[in-house]
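The figures that follow rest on heavy atoms only: side chains count, while hydrogens, waters and symmetry mates do not.
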Amino acid sequence: MTAKQAATLLVATQLGIGIQVLPAAVVASGGLDGWISVVIVGLFLLIAVRVIMTLGKRFNNQSILDISTSVCGKYIAFIVNIILLLGLIFLAIGNFEMFLAGVGIWFFRSTPTWILAVYLIIPSFYLALKGLKNICRFNFLLYIIIPLILFLIILNLRDFRITSLLPIAEDGFLSIFKAVPSSLFAFVGFETLAFINPYIKNPGEMTRRASLSLMITTLLFTLIMLASIGIFGEALVFKRFNSLLGLARLIRLPVLERIDLYFIAAWIIGMNLVINTYLFLIYDSAQKIFQFKSKLIPMAVIAVLIIIVVSLTDDNILILTLTNISGFVSIFIGFLIPLIFLVIAVIRGKKGGGSV
């Protein structure tokens, strides 16, 4: 895939879950000033992207799993790679939990979770089986989702009240800091950059495009936060599972009528993009570690494992806990581990497949 396709993949992976958890989860944690945490997290992750790309360039754009062998040695790398694999599985489960929660609330409130899980994972399983190239081709649908989000915000600007956002930072840094875990979860997906490096045809452009993709998601998330708080106010935002859906339900247009149905359809597509990517990366990482000869069976085992876990963790409090932890897991495998590898590589003079 090209750097442009990879950047689109990053935006799609973050946007699917981000538009669901924002802004209710962030406002619940940090109040009106929670939107500032979104900006702070976005700026911080620009540093994480730079670390990932610097490490990748130093090792000929290898995957983080291959780099770990060069940096840590065979045996320690095996343990580290298992941790990275478990991190991807955890993030896939967290994203899928939120996907099921949204679909369950809007459409199938009485349907057992395991049935929904099987039904929703089938298209993602099929596309992941076809490979990353086909997943990237499917990501063009992102160019429909982003204009729709902007369309919803613009049509509701007449109800926007700037006073709902004032005074800014009234509760100080503590309230902003409390919202960081929820904001981090909205950006889950940036860490996939550390795993897709080997598949990018023109990696020289990737640092710029990855940074641009992160700035796009940060801008979109910030706009969603500001618009939702300005239109609904803190009290109503806190009660809404998805504020963008609330915005869609406020709009009535000739011919189009139920705008919320278009939004739900776009959101389901967006979440499928997320699950597609994680399923493929989990298989790809497991294949690098265990050297599978078959593709279908390991992928099926991964899908079944995810279905079993989400079916056993069908509890709102547990799901909320998973989402809060997911942001930190993403930082751990997408920033801390690459940073540690980069520091070790610089100190030991490691570069490419061996030492300098």
Side-chain angles (χ1 to χ4, degrees), residues 1-18 45-46 48-68 81 84-85 87-88 91-92 95 123-146 187-217 220 266 269-289 292 295-296 298-299 302-303 330 333-335 338 352:
M1 62 180 173
T2 65
K4 183 179 179 180
Q5 289 176 319
T8 304
L9 180 72
L10 290 178
V11 175
T13 309
Q14 295 173 80
L15 198 60
I17 196 65
L45 292 183
L46 285 173
V49 165
R50 177 67 65 173
V51 169
I52 292 172
M53 294 311 302
T54 302
L55 179 66
K57 287 179 181 178
R58 191 174 183 88
F59 287 90
N60 301 323
N61 300 300
Q62 293 180 335
S63 165
I64 188 73
L65 296 154
D66 298 318
I67 293 172
S68 67
N81 288 346
L84 289 168
L85 176 61
L88 285 176
L91 293 177
N95 277 279
S124 295
F125 172 80
Y126 175 77
L127 198 59
L129 202 59
K130 295 297 181 180
L132 195 59
K133 186 176 181 179
N134 289 283
I135 292 174
C136 289
R137 287 174 177 170
F138 191 62
N139 282 342
F140 82 93
L141 293 169
L142 183 69
Y143 298 112
I144 300 174
I145 298 172
I146 292 178
F187 286 93
V188 164
F190 86 92
E191 77 290 335
T192 58
L193 180 61
F195 296 85
I196 64 175
N197 255 337
Y199 299 100
I200 302 173
K201 293 179 180 177
N202 48 339
E205 298 182 18
M206 198 56 216
T207 300
R208 176 175 60 86
R209 290 193 178 274
S211 299
L212 180 60
S213 70
L214 196 58
M215 287 188 281
I216 289 172
T217 51
L220 281 172
I269 291 171
M271 280 306 304
N272 269 318
L273 298 178
V274 177
I275 307 304
N276 296 342
T277 304
Y278 276 107
L279 275 179
F280 172 80
L281 290 180
I282 291 170
Y283 162 76
D284 188 58
S285 300
Q287 199 279 330
K288 289 179 184 294
I289 298 171
F292 297 126
K295 188 174 185 180
L296 177 61
M299 189 82 80
I302 292 166
S330 179
I333 67 176
F335 174 66

Query raised in the report: Considering residues at least two apart in sequence or located in another chain, which fulfil the side chain to side chain donor-acceptor pair (under 3.5 Å) criterion with Asn81?
Result: Ser68
Query raised in the report: What's the spacing between Tyr126 OH and Asn276 CG if we round to 0.5 Å?
Result: 12.0 Å
Requested in this report: Could you tell me whether a side-chain N or O of Lys295 sits under 3.5 Å from a main-chain N or O of Leu129, the two making a donor and an acceptor?
Outcome: yes
Query raised in the report: Partners of Ala3 by side-chain contact (heavy atoms from CB on, under 4.5 Å), sequence neighbours excluded?
Result: Ile200, Asn202, Glu205, Met206, Arg209
Query - By side-chain contact (heavy atoms from CB on, under 4.5 Å) - contacts of Asn272 (at least two apart) - result: Phe99, Pro123, Ser124, Ile268
Query raised in the report: Do Leu279 and Leu127 come within less than 4.5 Å of each other through their side chains, counting heavy atoms only?
Result: no
**Report entry** Heavy-atom donor-acceptor pair, Asp66 side chain to Gln62 backbone, under 3.5 Å
**Finding:** no
Query raised in the report: Do the side chains of Leu91 and Ile333 get nearer than 4.5 Å, heavy atoms only?
Result: yes
Report task. Please check if atom NZ in Lys4 has more than 12 non-hydrogen atoms from other residues, nucleotides or ligands closer than 6.0 Å. Result -> no
Query - By ring-ring contact (aromatic ring centres under 6.0 Å, His included) - contacts of Phe187 (at least two apart) - result: Phe221
Requested in this report: Please list, chain by chain and in numerical order, all residues satisfying side chain to side chain donor-acceptor pair (under 3.5 Å) with Ser330, sequence neighbours excluded.
Outcome: Glu191
Query raised in the report: Rounded to the nearest 0.5 Å, how far apart are CZ of Phe280 and CG of Leu88?
Result: 11.5 Å
Query raised in the report: Going through the distances and angles, do Met1 and Ile196 end up as a side chain to side chain contact (heavy atoms under 4.5 Å, CB included)?
Result: CA-CA 9 Å; Met1 62 180 173; Ile196 64 175; 3.7 Å; yes
Query - Which residues share a side-chain contact (heavy atoms from CB on, under 4.5 Å) with Arg50, sequence neighbours left out - result: Thr54, Thr207
Report task. Mind checking ring-ring contact (aromatic ring centres under 6.0 Å, His included) for Tyr283 and listing every partner two or more places apart, or none if nothing turns up? Result -> none
Report task. Scan residues 274-286 for pairs that pass salt bridge (charged side-chain N to carboxylate O under 4.0 Å, His left out), counting only residues two or more places apart or in two chains. Result -> none
Report task. To the nearest 0.5 angstrom, please state how far the OH atom of Tyr199 sits from the SG atom of Cys136. Result -> 11.0 Å
Report summary line: Applying side-chain contact (heavy atoms from CB on, under 4.5 Å) to Leu46 and not counting sequence neighbours gives Leu43, Ser211, Leu214, Met215
Report summary line: Taken in chain and number order and not counting sequence neighbours, the residues that satisfy side chain to side chain donor-acceptor pair (under 3.5 Å) with Ser285 are none
